[in-house]
Amino acid sequence: MSESTERPEIAPPEIGQLEIARPEIVCLCGSMRFAEEFRAAQRELGLAGAIVVAPVESAWSGEALTDERKAFLGELHLRKIDLADRVVVINPGGYVGESTQREIAYARAAGKPVAFTYPV
């Protein structure tokens, strides 16, 4: 009998066999000028087992967005807050801009816990 050098195929678990507790959903908020800090927070929270939702990455690229697109993305982000169990504000140096202040107020009004990466 010859040995195969191929790796055995790993079958996915049957539905119902794999039980994972519902992960925490964390929504990141903050200024788009802190793109690297957002990525670091996403990495850290994701590796800790959280589902992380954040502003649309294209908004971090510095590309020009129309006022209509900005308004749409702002409303979309509020829906992400609705989905979240808690909010983490990315605010190096304690900076919290106008849009982020609106998101914080929205989250608090919805009863979501809000934490900051730097004291405010």
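Nearest heavy-atom pair, Lys80 versus Ala54, reported as atom, atom and distance to 0.1 Å: NZ-O, 2.5 Å. Summarising the geometry of Gln42 relative to Val52, their closest heavy-atom pair is CG-CG1, 3.7 Å, with the distance given to 0.1 Å. Across Gly49 and Pro23, no two heavy atoms sit closer than the pair O-CB, 3.3 Å.
Panel note: side chain Ser31, backbone Phe34; no donor-acceptor pair is recorded below 3.5 Å. Checking side-chain atoms of His77 against main-chain N and O of Leu28 turns up a donor-acceptor pair under 3.5 Å. At least one donor-acceptor pair under 3.5 Å links the side chain of Thr117 to the backbone N or O of Asn91.
Each of Ile81, Val87, Val89 was compared with Ile104 under the side-chain contact (heavy atoms from CB on, under 4.5 Å) criterion, and only Val89 meets it.
No single ILVMFWY cluster, assembled from side-chain heavy atoms under 4.5 Å apart, contains both Val53 and Leu45. Hydrophobic clustering, with ILVMFWY side chains joined whenever heavy atoms are under 4.5 angstrom apart, keeps Ile90 apart from Tyr106.
At least one cation-pi condition fails for Arg43 and Phe38: the charged atom is not both under 6.0 angstrom from the six-membered ring centre and inside a 45 degree cone around its axis.
With contacts defined as side-chain heavy-atom distances shorter than 4.5 Å, the pair Glu103/Leu78 qualifies. Taking 4.5 Å as the limit, some side-chain heavy atom of Leu76 sits within range of a side-chain heavy atom of Val56. By the 4.5 Å heavy-atom criterion applied to side chains, Val26 and Asp85 are not counted as neighbours.
Atom CZ of Arg79 sits in a crowded spot, with more than 12 heavy atoms from other residues, nucleotides or ligands closer than 6.0 Å. Heavy atoms of other residues, nucleotides or ligands lying less than 6.0 angstrom from CD of Glu36 number more than 12.
Salt bridge absent: Glu98 and Arg102 never bring a charged side-chain N and a carboxylate O closer than 4.0 Å.
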Requested in this report: Show the numbers, then the answer: is there a side chain to side chain contact (heavy atoms under 4.5 Å, CB included) between Val88 and Arg86?
Outcome: CA-CA 7 Å; Val88 173; Arg86 69 183 174 108; 3.5 Å; yes
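Between the CZ atom of Phe72 and the CG atom of Asp67 there is a distance of 15.0 Å, given to the nearest 0.5 Å.
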